[in-house]
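Right, one structure below, let's go through it.
Note that these values count all heavy atoms, side chains included, but never hydrogens, waters or copies made by symmetry. In what follows, chains are A, B, ... by sequence order, proteins preceding strands, each numbered from 1.
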Amino acid sequence: MLSLFPSPPFKRPLSRGPERERGGCALRLRFAPSPTGYLHVGGARTALYNWLLARQSGGSFILRIEDTDLSRSTEEAIEAILRDLRWLGLEWDEGPDAGGDHWPYRQTGRMALYHDAARRLLEGGHAYRCFCSPEELKERRERALQEGRAPMYDRRCLSLAEEEVRRLAKKGRPYALRFKVPEGETVVRDAIRGEITFHNREIEDFVLLRSDGTPTYNLAVVVDDVEMRVSHVVRGDDHLSNTPKQLLLYRALGAEAPAFAHLPMIVGQDGKPLSKRHGDVSVGHYRETGFLPEAMVNFLALLGWSLDDSTTIIDRETLVAGFSLERVTSKPAVWDTDKLYWLNSQYIMAHGDGELAEAVAPFLAREGLIAEDDGEALDKLRRAAPLIRERIKVLSDAVPLLAFLFREVETEAEARELLRGEENREVLREAGKRLLELELFDTGSIESLLRAMAEEMGLKPRKAFQPIRVALTGSKISPPLFESMELLGREKCLQRIARALDQG
RNA sequence: GGCGCAUUAGUCUAGUUGGCCUAGGACGCCGCCCUCUCAAGGCGGAGAUCGCGGGUUCGAAUCCCGCAUGCGCUACCA
């Protein structure tokens, strides 16, 4: 494997980049989403790996919005992406709302930079004007495809005489600017995949500037990475084929190229790139379902990377210290929701009572069970935390489990039978009677009381307790009964038992 | 069509310079125990001819060649 990314701690100083002047090996990394939708879990993983490398090296994590596709970019998408990144705890040092020395951090505000670079490329003989219309080009490529030829641009505008170019331009004929791909081969050194050689003759003269003057991805990304002094480009696998083009651009612009690392894709169980077809792929969805950001980060980190041969639960600190691109696999990672759920439950179990109560509260509030900032409810939740900690995999699981504490119950259809029949009714009557006389209404007292009752009635514990559970919670499934009763309080317990008897 | 990348159990992966791998850990699955429901926990189990075929070697998941399959790129998308 290449040594571009020495494993931590970085023993060797990087051989390139302005960071050396600052005396360290502080890396400059960026995450550059295009705001055409929510933050996808694949994007989140890319952001995470960049963030980890930045934090680990004491460097900078830059957020740059690639919004040159005007028709698909939206403000809402930008907001959503920032929100989700923040939720994951991936704070950026420079970005659209964070300042930095390379402002602005949205490509639409950086047009002058791209045009300047384009002009330099044109003047340096690295680019030329192309007057072919998109329609013509489309037709030609379709024909090429049909005839089994490579559908590459045929360079016909490269040989246009100078005065012809001038004449067409003067007539106002729209043109795009194309890069003139030189002969030879281009070697990409990738930290994950090693050295990959591309033959330049396989690379077409790609467009730099569209006829409307906007830059294409390849130009913009290179100009920005140069200007922002990005030292390491860590991005999705789908950009590997673009890398030689960008390398060529760096060279033509006289700039030193950053180091590259291309992460394997995240795919569904069927091996196809993860998409809506496979279920939920937005980070926002997982936040709303009640996954914890720590669990999400842990899970994302493990998608294509491992700390060692046996560690699965890894906290953020350990991730920062132990992450290394050398341990990233080059094989696509399959999104495994089951494992995410399990990991999340592990993090929930590690939460303290107060922590868990606060995490769960918004989910109950969302269902209208408690008010946003109800101190009393929060206190009750804190006391309920031990009862649900091992029973929920996601925070929203707490809603059905705890609803009975905050509103009157409606008995689930499949549980009603447990309130019927003489034996069950007798249990309820007897329990009501005995609970009324109980001195201290706490878990221990309730338990001994009800166990004694069951024994005297000659009933198995299960047989005696289920009707009570259903009467109090409306469900056959609930947190432990005696603890739940203490939390509910004597009054409500008696009320609900009485009501159950009435209804039955 | 061309170019590129990938290929260890259902899944995430370990396997860094070939022997310690009769392939390790985790999720999931199955069984038992615990038990007031549901979980959690404990114990045990099944599951991988390391994509296929050649080769190099005393010895290959690990090196080489071919093939297959999948995916990506091949846009005036990013």
So what does [X] touch, heavy atoms closer than 4.0 Å: a base, only the sugar-phosphate, or nothing?
X	value
A:Glu447	nothing
A:Pro461	sugar-phosphate
A:Ser345	nothing
A:Ser478	base
A:Ser306	sugar-phosphate
A:His262	nothing
A:Leu145	nothing
A:Thr329	sugar-phosphate
A:Arg469	base
A:Pro479	base
A:Phe299	nothing
A:Gly236	nothing
A:Asp212	nothing
A:Lys138	nothing

Please give the distance between the [atom1] atoms of [N] and [M] as a whole number of Å.
N	M	atom1	result
B:rA9	B:rA23	P	14 Å
B:rG41	B:rC27	P	9 Å
B:rU8	B:rG70	P	15 Å
B:rU62	B:rG54	P	14 Å
B:rG10	B:rC5	P	27 Å
B:rC3	B:rG66	P	13 Å
B:rC64	B:rU7	P	13 Å
B:rG53	B:rU69	C1'	14 Å

Salt bridge A:Glu447-A:Arg451, side-chain N to carboxylate O under 4.0 Å: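 Yes, this pair counts.
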Should A:Asp353 and A:Arg389 count as an ion pair when the cut-off is N to O under 4.0 Å?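 Salt bridge present between A:Asp353 and A:Arg389.
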Among side-chain atoms of A:Glu185 and A:Thr197, is any donor-acceptor pair under 3.5 angstrom?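 No, no side-chain donor-acceptor pair sits under 3.5 Å.
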Can you tell me if the side-chain N/O atoms of A:Arg141 get under 4.0 Å from OP1 or OP2 in B:rU74?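 No.
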Counting only side-chain N and O atoms of A:Thr68, is one of them less than 4.0 Å from OP1 or OP2 of B:rA78?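 Result: yes.
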Look at the side chain of [X] and decide which nucleotide, out of [options], has an atom nearest to it.
X	options	value
A:Arg327	B:rA14, B:rG41, B:rA39	B:rA14
A:Leu481	B:rG28, B:rC36, B:rA78	B:rC36
A:Pro480	B:rA78, B:rG25, B:rU37	B:rU37

According to the interplanar angle, ranging from 0 to 90°, do the rings of A:Trp305 and A:Phe323 count as parallel (below 30°), tilted (30 to 60°) or perpendicular (above 60°)?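 Tilted.
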Kindly assign one of parallel, tilted or perpendicular to the pair A:Tyr128 and A:Tyr153, based on the angle between their ring planes and the thresholds 30° and 60°.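 The arrangement is parallel - the two ring planes meet at less than 30°.
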Round to the nearest Å and state the distance from [X] atom [atom1] to [N] atom [atom2].
X	N	atom1	atom2	value
A:Asp69	B:rA75	CG	P	17 Å
A:Asn200	B:rC73	CG	P	20 Å
A:Leu307	B:rU16	CG	P	17 Å

Taking N and O atoms by type only, does the side chain of A:Ser241 place a donor or acceptor under 3.5 Å from a partner on the base of B:rC3?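 Such a pair does not exist between side chain and base.
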B:rC50 pairs with, by Watson-Crick or G-U criteria that keep both distances under 3.5 Å: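 Checking every strand shown, B:rC50 finds no partner, since no pair has both distances under 3.5 Å.
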When you measure from the centre of the six-membered ring of A:Tyr175, is the NZ or CZ of A:Arg173 under 6.0 Å away and within 45° of the axis?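 Cation-pi check for A:Arg173 and A:Tyr175: fails.
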Distance-only, no hydrogens or angles: does the A:Asn424 side chain make a donor-acceptor pair with backbone N or O of A:Arg420 under 3.5 Å?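 It does hold such a pair.
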